[in-house]
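Both ligands and their constituent atoms are indexed starting at 1 by order of listing. This structure is a prediction, so every number in the text was calculated from the model and none was measured.
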Amino acid sequence: MREFDETSITQAVIGRLSECSDPRFKRIMTSLITHLHDIVREVKLTESEWLAAIQFLTDVGKTCTDKRQECILLSDTLGVSVLVITLNHPADQGSVESTVLGPFYWEGAPDLPCGSNLAEGVKGEPTFYSGRVLGADRRPLTNALLDIWSGDGEGNYDMQMPEQTGMKARGRIRTDAQGRYWFRSIRPTFYPVPTDGPVGSMLRKMGRHPYRPGHIHMIVSAPGHLPVTTHLFVAGSQYLDSDAVFGMKESLVAQFDRHPPGLGPDGERIDTPFYTVNYDFQLRPAIAARGEACISAPIVS
Ligand SMILES: [Fe+2]
């Protein structure tokens, strides 16, 4: 057949995959073509709407730079990122849940000893983080890695600051012989995802707010265990009930205890109120997850 109508076109396109030698790719493309065609038929897409969609995707791509990932932001705000994570990292007893990587991960944060202040010169209320990284049997994991990043106390990430050329509020901390970690940073606040690009326009047109509840990011990894891309959310933060990227998980909400000015946990005098938070990250042994893809975390060593 050389000519197709609005129904036969779908099978015709799928039929062109007959020589595809990668069964997984074939399956994904077959489903993609099927659903894409169904959407076009269902809404009776007009030519101008089709062109607007092409322009939108073009703008999303062009907005990406080495420090901005509008494609991830699009995936996040449409709930695709958290859907993929949820499918590939089902919650199991005790192990820490995964959530979105987000658009502000910056590979190559400095390796710092426990106790370091990740937020030197960063605006925000001082916060002392501590806890342990554990295996499935709750055995402490020595030399586990926490690759940590957050915005400042006003919700701005270093990547978003035009005057900022270096990393801020980022660092890689390793656990000690007892599986413990501790570091200082700031108490993150809620913030809007970037709204000055095509995804921001999409959110406005949808009538949606762009805010995420206060959170600090980390990728936690240890030899022989599945790395986890996760957050700690600030208990009581605004927007916990309506995270713009759908990444909020109850098990990741941590209590940030407020203290008056005085000596911090490290013995240093703090002239302002400060916070402490304690959270243990339990990882799943890699062998327990055989057959599951591990796609939410970059490989870290
Ligand atoms: Fe974030």
Side-chain angles (χ1 to χ4, degrees), residues 63-86 89 96-109 118-119 122-125 127 129 146-161 164 166-173 183-197 199-200 203 208-220 227-254 256 275 277 279 281 296-298 300:
T63 305
C64 294
T65 67
D66 61 337
K67 293 198 177 115
R68 178 161 178 172
Q69 236 306 351
E70 196 80 355
C71 295
I72 289 183
L73 186 59
L74 177 61
S75 169
D76 289 354
T77 51
L78 291 180
V80 176
S81 306
V82 84
L83 176 58
V84 172
I85 289 164
T86 303
H89 298 268
V96 63
E97 289 191 274
S98 299
T99 188
V100 295
L101 178 68
F104 297 122
Y105 180 65
W106 191 345
E107 203 167 349
L118 275 56
V122 172
K123 293 177 191 167
E125 298 165 293
T127 300
Y129 296 83
L146 292 94
D147 193 344
I148 304 152
W149 70 105
S150 77
D152 65 14
E154 297 176 353
N156 299 305
Y157 284 78
D158 48 10
M159 288 175 161
Q160 298 174 291
M161 302 174 189
Q164 195 60 258
M167 292 187 176
K168 292 285 183 188
R170 296 175 190 270
R172 293 171 20 126
I173 299 273
F183 64 92
R184 175 175 167 174
S185 187
I186 52 87
R187 180 173 176 258
T189 187
F190 67 88
Y191 66 84
V193 298
T195 55
D196 59 344
V199 173
L203 292 176
R208 285 173 52 180
H209 77 69
Y211 292 98
R212 300 211 62 208
H215 61 272
I216 184 168
H217 297 255
M218 54 272 294
I219 299 169
V220 187
V228 174
T229 300
T230 193
H231 297 358
L232 290 183
F233 291 94
V234 180
S237 177
Q238 285 187 56
Y239 303 107
L240 281 173
D241 294 331
S242 59
D243 185 352
V245 305
F246 308 95
M248 215 295 288
K249 304 210 173 187
E250 294 292 347
S251 68
L252 302 178
V253 177
F256 283 59
Y275 292 85
V277 55
Y279 193 93
F281 298 94
S296 75
V300 289

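- Judged purely by distance below 3.5 Å, without hydrogens or angles, the side chains of H217 and R170 never pair a donor atom with an acceptor atom.
- Coordination check, S150 versus the Fe ion (ligand 1): failed, since every N/O/S atom of the residue sits at 2.8 Å or beyond.
- Put simply, H217 gets within reach of the Fe ion (ligand 1), with an N, O or S atom under 2.8 Å from it.
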Criterion side chain to side chain donor-acceptor pair (under 3.5 Å) on T127 and S185, from CA distance to verdict | CA-CA 5 Å; T127 300; S185 187; over 6 Å; no
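- Defined by atom type and a distance below 3.5 Å, a donor-acceptor pair is present between the side-chain atoms of S242 and H209.
- The aromatic rings of Y157 and F104 lie parallel to each other, their planes meeting at an angle below 30°, with 60° marking the opposite boundary.
- Looking only at its N/O/S atoms, H215 has NE2 as the one nearest to the Fe ion (ligand 1).
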